[in-house]
Amino acid sequence: MSGEKLLVVEDEVHLAEVIADNLELEGYSVDVVGDGLEALDRIRAAPPALVLLDVMLPGMDGFGVCATLRAEKVDVPILFLTARSDADDRIRGLELGGDDYLGKPFELRELMLRVAAILKRAQWARSKTTFGDRLVLGEASVDFKTYAASVGGKVYQLSTKEILILRALAEHPGDVISRAEILERVWGYEAFPTERTIDNFIVRLRRLLEPDPQNPRYIHTVRGTGYRLTP
Amino acid sequence: MIDRRKVIVLYWGAASFVVALLVWWAFFFGRQGTLLAERMRAAGVQLDDHQAAALDKAVSESGRMFLSEGGTLCALLLVSMWFVMRTLTRELALERRQKNFLSAITHELRSPIASARLYVESVLLGRADGPKRDRYLQRAMLDLDRLRTRVDDLLETARVNSSKPVLALEPIDLATVARDVVERLTREHAARGARIELATEPDVHVRADMRALDTVLANLVSNAIKYGGKDPRVVVGTGHARSKALLFVRDFGPGLGGADPKRIFEPFVRGDDDDVRAKGGVGLGLYLVRELVTAMDGRVRAEDGLEGGGTRIEIEFARAEAKP
């Protein structure tokens with residue numbers, strides 16, 4: 001994981017310096033920018049492995065940067081680092097597509113752990129699946145490279161989260177995968193969404209992939225525990 | 001708490017209904033005579049000229065009465081609507097400013113704590129040795145100084161707000177205060193490439209409190225440096241105008257960015273453009289300046305859109321005799 005390129009977007013010079021220094025000590029290669037618009041240009045030109053993004057920034061604020069990137073389908077992992085850490089801001093940041101949120105002031109070790117956890121998740125999402133690139137569920141087939149699902153001649157585009165949930169289930173066919181495990185895999189260890197959120201994703205996946213979503217043949221709920229995929 | 005916006009919408013709805021009702025009544029009473037005559041004709045009642053004139057007179061008299069009373073009621077209602085709306089709008093604006101203030105103060109206090117903490121933690125964890133260790137500790141000190149200044153500003157504002165400031169007015173030469181503040185701030189802001197120039201006239205004496213005047217001037221100069229653009233240039237001057245003594249601070253930055261020069265002295269008000277927000281600050285500095293200047297019987301005003309760019313803040317005091 002060492003040597004991965006990180007971008008720190010922080011306009012407080014001291015904070016940017018001490019964060020960048022410490023990340024470099026861990027072996028990452030770190031760039032720093034202090035302006036939201038400049039950050040957007042940098043990320044568009046060469047997406048780093050992770051963006052550590054402040055919220056109150058000149059040019060464009062961190063929420064704006066995150067929303068713009070997600071609207072442009074730039075899937076770079078984002079860790080918000082900000083003094084605005086009340087619940088509303090936290091939820092807003094994560095709803096806009098941030099991967100995690102750390103309120104200032106924070107502990108150095110916690111920052112390092114979170115960075116490593118996000119990178120680990122991102123690496124898992126990028127790595128080759130254990131079951132090949134295609135999952136076939138009866139009439140439906142899902143391509144894990146293009147995120148496309150073909151069902152009865154029609155093609156649907158799945159979101160990153162949908163693909164990752166499906167992947168967490170498909171890597172252990174027949175096994176029960178707990179909601180907590182899915183949260184850990186797809187969202188991170190201090191996950192923001194409730195377990196109910198996963199249920200909503202499962203409902204959407206069933207609607208798309210199951211011949212009869214009310215009586216699923218492939219994606220089963222194991223009451224009180226989690227889900228099981230039986231291809 | 002009920003959402004004030006809902007209250008405003010409900011109030012507007014109810015008030016508009018009442019005004020519409022009054023307008024309808026006015027229209028209805030205006031047509032009362034014609035309607036009455038039509039109904040009497042339809043019922044086969046024939047009026048002679050004398051009776052018709054008496055009816056017209058009675059109808060127009062009562063119409064005038066309704067119109068004048070209804071009109072007065074309508075005018076009163078409109079005036080009260082205006083007052084209520086003005087109060088509600090002001091309250092909403094204050095609420096918004098206080099929310100901005102809370103968000104800004106959170107940022108302003110937490111940012112230096114966050115960086116000081118990371119510097120010290122890095123040293124404690126053995127992640128910085130030798131010269132790097134020294135640099136980290138120096139940076140942590142600067143962060144703590146920054147934090148102290150902000151806390152001092154907040155406390156000073158709270159003090160000024162909670163009671164009338166206790167001042168010891170004495171004869172002061174404005175040029176002397178200006179020179180002291182400029183010397184001190186030039187040292188403090190040397191690293192930022194700030195240039196602070198003096199343009200003082202001699203013998204501009206006022207009656208003021210030395211400590212308050214120092215706070216006022218230091219706040220204005222720091223503000224001018226902060227918003228003075230890259231390599232900021234600031235001019236601090238004194239002079240006379242009519243019977244008044246003047247003290248001014250001028251920067252050559254981008255100016256107020258459309259903000260109302262009168263409103264910038266109100267608490268929690270900060271410019272809206274990104275650059276101003278990015279500079280940090282909680283919108284109390286200029287408020288503190290105004291409160292202290294007012295307490296010393298002075299007046300402060302801001303001028304924007306100057307030739308050569310920037311903003312000029314001018315303080316006016318009554319002239320006083322030199323210290324005997």
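Here is how names work: the chains are called A, B, and so on, in the same order as the sequence lines, proteins then strands, and each is numbered from 1.
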[atom1] ([X]) with more than 12 external heavy atoms under 6.0 Å:
X	atom1	result
B/R211	CZ	no
A/R207	CZ	no
B/M85	CE	yes
B/R135	CZ	yes

Value for CE (A/M56) from CD (B/E108), rounded to nearest 0.5 Å, stands at 7.5 Å
A/L111 and B/E121, any side-chain heavy atoms less than 4.5 Å apart:
no
Exercise for review: For the residue pair A/L108 and B/R127, establish whether any side-chain heavy-atom pair is separated by less than 4.5 Å.
Suggested key: yes
Under 3.5 Å, which donor-acceptor pairs do the side chains of residues 306-314 of chain B form with other protein atoms, sequence neighbours left out?
residue : atom : partner : partner atom : Å
B/R312  : NH2  : B/E314  : OE2          : 2.5
B/E314  : OE1  : B/R301  : NH2          : 3.4

Contacts satisfying ring pair (Phe, Tyr, Trp, His ring centres under 6.0 Å) that involve residues 114-160 of chain B (not counting sequence neighbours) are A/H14-B/Y119, B/Y119-B/Y136
Honestly, the part of B/R117 sitting under 4.5 Å from a heavy atom of chain A is side chain
Bottom line for B/L125: the part with an atom under 4.5 Å from chain A's heavy atoms is side chain
I need the minimum non-hydrogen distance between [X] and [Y], along with the two atoms involved.
X	Y	value
B/S122	A/N22	OG-ND2, 2.9 Å
A/L15	B/A114	CD1-C, 3.7 Å
B/I113	A/P105	CG2-CG, 3.8 Å

Turns out that what part of A/E10 lies under 4.5 Å from chain B's heavy atoms comes down to neither
